[in-house]
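Data block below; observations after.
Note that the structure is predicted; figures quoted are calculated from it, not measured. Naming convention: chains lettered A, B, ... in sequence-line order (proteins, then strands); numbering from 1 in each chain.
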Amino acid sequence: MSLRPDLALIARTVTPGARVLDVGCGDGALMAALRDAKQVDARGLEIDAQNVAAAVARGLSVVQGDADTDLAYYPEASFDYAILSQTLQTTRRPDRVVEELLRIGRQAFVSFPNFAHWRGRLSLFWGGRMPVTRLLPDTWYDTLNIHHVTVDDFRALVRERGWTIDGQWFLKGDRETTHANANLFAEHAVFLLRR
Amino acid sequence: MASASLSDDIRFGLRRQARLAGPLQLDSGAALGPVDIAYETYGQMNADRSNVILICHALTGDQYVASEHPVTGKPGWWWRLVGEGKPVDPARHFIVCANVIGSCMGSSGPASIDPATGEPHAMRFPVITIADMVRAQAMLLDHLGVERLHAVIGGSMGGMQALSWPTLYPDRVESCIVIASTARHSAQNIAFHEVGRQAIMADPNWRGGDYYADGAIPSAGLAVARMAAHITYLSEAGLTEKFGRRLQGRDAKTFGFDADFQVESYLRHQGLSFVERFDANSYLYITRAMDYYDIAEDHGGSLAKAFTASRARFCLVSFDTDWLYPTAESRLIVHALNAGGAQASFVELSSPFGHDAFLLECPELNRVVDGFLKGGRA
């Protein structure tokens, strides 16, 4: 089983036996990995019915719902971790979704593609066009990403809300990369936060 | 081997009936006893009795979930989900399906004979609830030597029973599948049922429910009740696709009140064929039970509280075109389960068939149920 690099990173970091809510869990790949490798009690929330059916068919507990509206129904601190991977930029109010994650989970993983990666910048600067890259493969009109965000944008939000960063990881391709100049060189960021 | 001796046991197999002494204490305060329960079992109980699945049927359903119906000759009503090679498989599971009390397919109900008088109960049968149906099922399971259910599964009213099981017997249910159902009957649900009941009671043949002696049954009233209900089982788009405004066996409108339209002819047929297999008084009792159903009301107004004692896994499925028990009702249940930290799955599947979708071809439903049931073994 090979997990997406950001998910593999999260899977490595989660403590065994933890209670995890995976928000935007897709077909449950991370949940299944956590269950099988770390005996994690994993629950999922996913908007797409086909994905939910696939996850339930794997024996996972996944609820069809919308991160923007349905997180309110989960009680406070009911999970050790709430995970939002590659979903932040698709929500209507990313800030409120992260607030909810930090209310529901003692800690929250948030991963997202970094819109300020140099390749995207070049595309905008020289081409004057919205970037279409490996991590952002869709055109501006059919992308699900409605709130593009950069590493520095996210750090600014964290500061502004007074959240604490317990860990941060950056990815270039499938490999981890240095924190230095992450806003320019990281294609992907993973943050571990708490309130 | 335990399973070998069980196969010779007269309690197991098709077309069984048990007379249980009871008395069954009912929500109304009345007691029912003895209680007759007609049921079927499929497959073999394994040595540790851990493979038992209870299937709960809908309003006008019966115990023939996976075998031919003795009156209509049709295959079992959930043959798409229950049977060899299906998600619920007699090769792996010991499957029980019982006719609910209040019904008319062999379990105690208004049409069955009151042993005290030798006459049909008719309207002297006590008013029952969904919880009473479940209590009767629990009595049957006691009789069959079943302590715990690997799963309880139901659609529509069957889903109401399935959802009630872990609230009434939290220690007896490992997993619960609720399809196209709800945690309470809405005002609209009650309203439609009242139309049906009034149609039956307005039929001059109904006579306060005492129509069994001379065979003159309130068939017109029951047929109208069925016609009205049947509309709620279908989607507007489904009706349009199936019938549109097409005329029935004629080229032009007759300017009369015959069944000009195909949809009228279809509904009349549904009503007439229903009368042949269902008792009017049973229809009154079971719709009443559904109207009284509100799990939250039974738990101080909190649906979440209803499930706190249960450690069951839950799987809820709704259909996007079902306006009888729409997706929002399933979501309410999911939110309550989440609030209590229960293991819950929920998916809204797409189907053009409205509420009836749970009985029709839906590969996604089979995939979800199969995966959910196997997930419990992981």
Under 4.5 Å to a heavy atom of chain A? For B/Asp370 that would be neither
*Within 6.0 Å of CZ in A/Arg161, more than 12 heavy atoms from elsewhere*: yes
One option among A/Val52, A/Val62, A/Asp41 has the most heavy-atom pairs under 4.5 Å with chain B, and it is A/Val62
Would B/Tyr325 and B/Asn189 satisfy side-chain contact (heavy atoms from CB on, under 4.5 Å), going step by step from the backbone distance to the final call?
CA-CA 8 Å; B/Tyr325 304 124; B/Asn189 295 147; 3.5 Å; yes
- prompt: Any chance NZ of B/Lys86 has more than 12 other-residue heavy atoms, nucleotides or ligands included, within less than 6.0 Å?
  reply: yes
**Prompt:** Should B/Ser318 and B/Phe346 count as side-chain neighbours, where that means a heavy-atom distance under 4.5 Å?
**Reply:** yes
Okay, A/Ala54 and chain B: the region with an atom under 4.5 Å from a heavy atom over there is both
Turns out that what part of A/Leu60 lies under 4.5 Å from chain B's heavy atoms comes down to backbone
| Short question: side chain of A/Arg43, backbone of B/Gly341 - any donor-acceptor pair under 3.5 Å? | yes
Rounded to the nearest 0.5 Å, the CG atom of B/Leu365 sits from the CZ atom of B/Arg367 at a distance of 12.0 Å
With distance as the sole test, does B/Ser156 use its side chain to make a donor-acceptor pair with the main-chain N or O of B/Gly158 at under 3.5 Å? no
Of A/Phe185, A/Phe170, A/Phe191, A/Trp169, the one forming a ring pair (Phe, Tyr, Trp, His ring centres under 6.0 Å) with A/His179 is A/Phe170
Sub-3.5 Å donor-acceptor pair from the side chain of B/Arg148 to the main-chain atoms of B/Val52, do we have one? no
CZ (B/Phe372) and SG (B/Cys176) are apart, to the nearest 0.5 Å, by 7.5 Å
> Could you go step by step and tell me if B/Val65 and B/Trp77 meet the side-chain contact (heavy atoms from CB on, under 4.5 Å) rule?
Replying inline: CA-CA 5 Å; B/Val65 59; B/Trp77 55 268; 3.8 Å; yes
Residues 105-119 of chain A vs chain B, non-hydrogen distance cutoff under 4.5 Å, contacting residues -> none
By residue number, those in residues 230-241 of chain B with heavy atoms under 4.5 Å from heavy atoms of chain A are none
Scanning both residues in full, the closest heavy-atom pair of B/Gln161 with B/Gln137 reads OE1-NE2, 2.7 Å
Rounding to 0.5 Å, atoms CG (A/Leu102) and CZ (A/Arg195) come to a distance of 7.0 Å
Honestly, the part of B/Val368 sitting under 4.5 Å from a heavy atom of chain A is both
The test is side-chain contact (heavy atoms from CB on, under 4.5 Å); show your working for A/Asp70 and B/Arg331 and say whether it passes. CA-CA 10 Å; A/Asp70 290 337; B/Arg331 278 197 196 285; 3.6 Å; yes
Within residues 295-309 of chain B, the residues sitting under 4.5 Å from chain A by heavy atom, in sequence order, are none
Side chains of A/Trp140 and A/Arg129: does their closest heavy-atom pair fall under 4.5 Å?
no
- Query: Salt bridge or not for B/Arg49 and B/Glu147, using N-O below 4.0 Å?
  - Reply: no
dist A/Cys25:SG -> A/Ile47:CD1 (nearest 0.5 Å) comes out at 11.5 Å
Okay, B/Glu348 and chain A: the region with an atom under 4.5 Å from a heavy atom over there is both
Ordered numerically, the heavy-atom neighbours of chain B under 4.5 Å found in residues 71-96 of chain A are A/Tyr73, A/Tyr74, A/Pro75
Within a radius of less than 6.0 Å around CD of A/Glu160, do more than 12 heavy atoms belonging to other residues, nucleotides or ligands occur? yes
- Task: Tell me, with the steps shown, if B/Leu373 and B/Val369 meet side-chain contact (heavy atoms from CB on, under 4.5 Å).
- Result: CA-CA 6 Å; B/Leu373 288 174; B/Val369 170; 3.9 Å; yes
